[in-house]
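Remarks on the structure that follows.
When a residue number appears, it is its place in the shown sequence, counting from 1. Here the structure is a predicted model, which is why all the values come from computation and not from measurement. Whatever order the structure lists them in is the order used to number ligands and atoms, beginning at 1. All values below come from the heavy atoms of this structure, side chains included, with hydrogens, waters and symmetry mates left out.
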Amino acid sequence: MFKNDSVKVFAPATIANFSCGFDIIGFAIDDIGDTVEATIKSVNYKGNNNIIISNITGDDNVLSYDPLKNTAGITAKNFLKYLNINNIQIELKIKKNMPICSGLGSSAASAVAAIKAINYLLNTNVSYENMIPILMESEKVISGKNHADNVAPSLMGGITIIRSYNPLDIIPIKCPIKINCVIVYPLNLDLPTYYSRKILKDYYPLKDIVNQLGNLASLIVGLMKGDINIICKSMNDFIIEPARSLLIPGYNNIKKNAIDNGALGFSICGSGPSVFAIGIDNIKKIGQSIQKGFLKKNIKTKMLISNINNKGAKILVS
Ligand code: HSE
């Protein structure tokens with residue numbers, strides 16, 4: 001009936017918004033992400049603790065072991081409910097290999113790894129389309145809004161667009177070129193998503209919306225054509241960046257440094273405080289210039305050079 005007793009799944013970090021696509025576009029990145037090991041503990045279980053989180057590493061002891069307060073646990077519980085399975089107990093071990101509260105989709109990666117692991121273990125073959133609303137519920141508990149622009153690319157890989165939230169309609173885009181990104185994430189500067197969403201307004205001037213839509217439309221054209229110049233010249237955010245950049249010390253100088261050093265596009269990763277730049281040459285030099293900018297504000301950072309990860313969540317060991 002079950003494929004295995006245990007499985008390990010890796011889910012990648014993601015960059016949501018891609019500058020002007022707030023809540024509707026995101027992409028998965030290479031190298032960093034979370035691993036969740038799911039193990040079936042009992043198949044005759046009766047009780048409320050059907051999901052146990054027994055181990056979390058790489059989180060500096062900040063994440064909760066309570067499955068109702070941890071996105072992997074919330075997702076696992078909701079997934080069993082969706083499957084109408086109430087006699088199985090599953091243990092989760094979470095290994096974080098990415099910064100938390102940094103705008104790189106940390107909560108999403110744990111949730112994605114957990115759902116993919118359980119779907120595999122129980123041999124339930126639930127489609128991505130049906131998993132995403134469950135994943136979005138855990139984002140809502142953590143950030144106050146059930147956005148999908150981290151969970152979708154982490155699960156599916158590549159670049160995804162959310163055409164509509166109600167009904168949910170996710171469209172993957174295939175970009176024919178490699179995009180050289182450098183991501184710089186501050187160490188010891190947390191910015192919880194619920195906070196960086198709280199500062200946003202409900203209404204924006206029409207002229208900003210028109211400018212935003214123009215850039216978003218051309219960003220998508222650039223991504224589909226694989227035209228790096230169109231992609232980068234479209235990375236202008238008239239709505240979200242002006243507010244959120246104020247939460248990132250030295251942001252305007254950091255961005256200027258990056259552009260002076262060859263960045264063709266620059267923006268905040270998701271809800272921040274991490275930032276990313278796209279370039280053709282000297283991507284490391286661009287990253288170092290961003291790091292220097294943060295250091296001027298006494299913020300130590302790490303740099304990661306990455307392409308778009310087209311694979312998404314993957315089974316490691318079963
Ligand atoms: N689209 C979400 C936001 C992503 O910007 O709040 C959170 O990482």
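Just one of Thr14, Asn150, Ile183 meets the side-chain contact (heavy atoms from CB on, under 4.5 Å) condition when paired with Leu104; it is Ile183.
Centroid-to-centroid, the aromatic rings of Tyr185 and Phe294 stay 6.0 Å apart or farther.
In this pair, Phe27 and Phe18 present their aromatic rings tilted. The plane angle is within the 30 to 60° band.
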What are the atom names and distances for all N or O pairs under 3.5 Å between ligand 1 and the protein?
| unit_1 | atom_1 | unit_2 | atom_2 | d |
| --- | --- | --- | --- | --- |
| ligand 1 | 1 (N) | Asn17 | OD1 | 2.9 |
| ligand 1 | 1 (N) | Asp23 | OD1 | 2.5 |
| ligand 1 | 1 (N) | Asp149 | OD1 | 3.2 |
| ligand 1 | 1 (N) | Asp149 | OD2 | 2.7 |
| ligand 1 | 5 (O) | Asn17 | ND2 | 2.8 |
| ligand 1 | 5 (O) | Arg244 | NH1 | 2.7 |
| ligand 1 | 5 (O) | Arg244 | NH2 | 3.4 |
| ligand 1 | 6 (O) | Arg197 | NH1 | 2.7 |
| ligand 1 | 6 (O) | Arg244 | NH2 | 2.9 |
| ligand 1 | 8 (O) | Asn150 | OD1 | 3.0 |

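Sorted by first then second residue, the side chain to side chain donor-acceptor pair (under 3.5 Å) pairs that include residues 214-240, not counting sequence neighbours, are Gln212-Asp237, Asn215-Asn236, Ser218-Ser234.
Not counting sequence neighbours, the partners of Glu241 by the salt bridge (Lys or Arg N to Asp or Glu O under 4.0 Å) test are Lys255. Scanning for salt bridge (Lys or Arg N to Asp or Glu O under 4.0 Å) contacts around Asp60 gives an empty result, with sequence neighbours left out.
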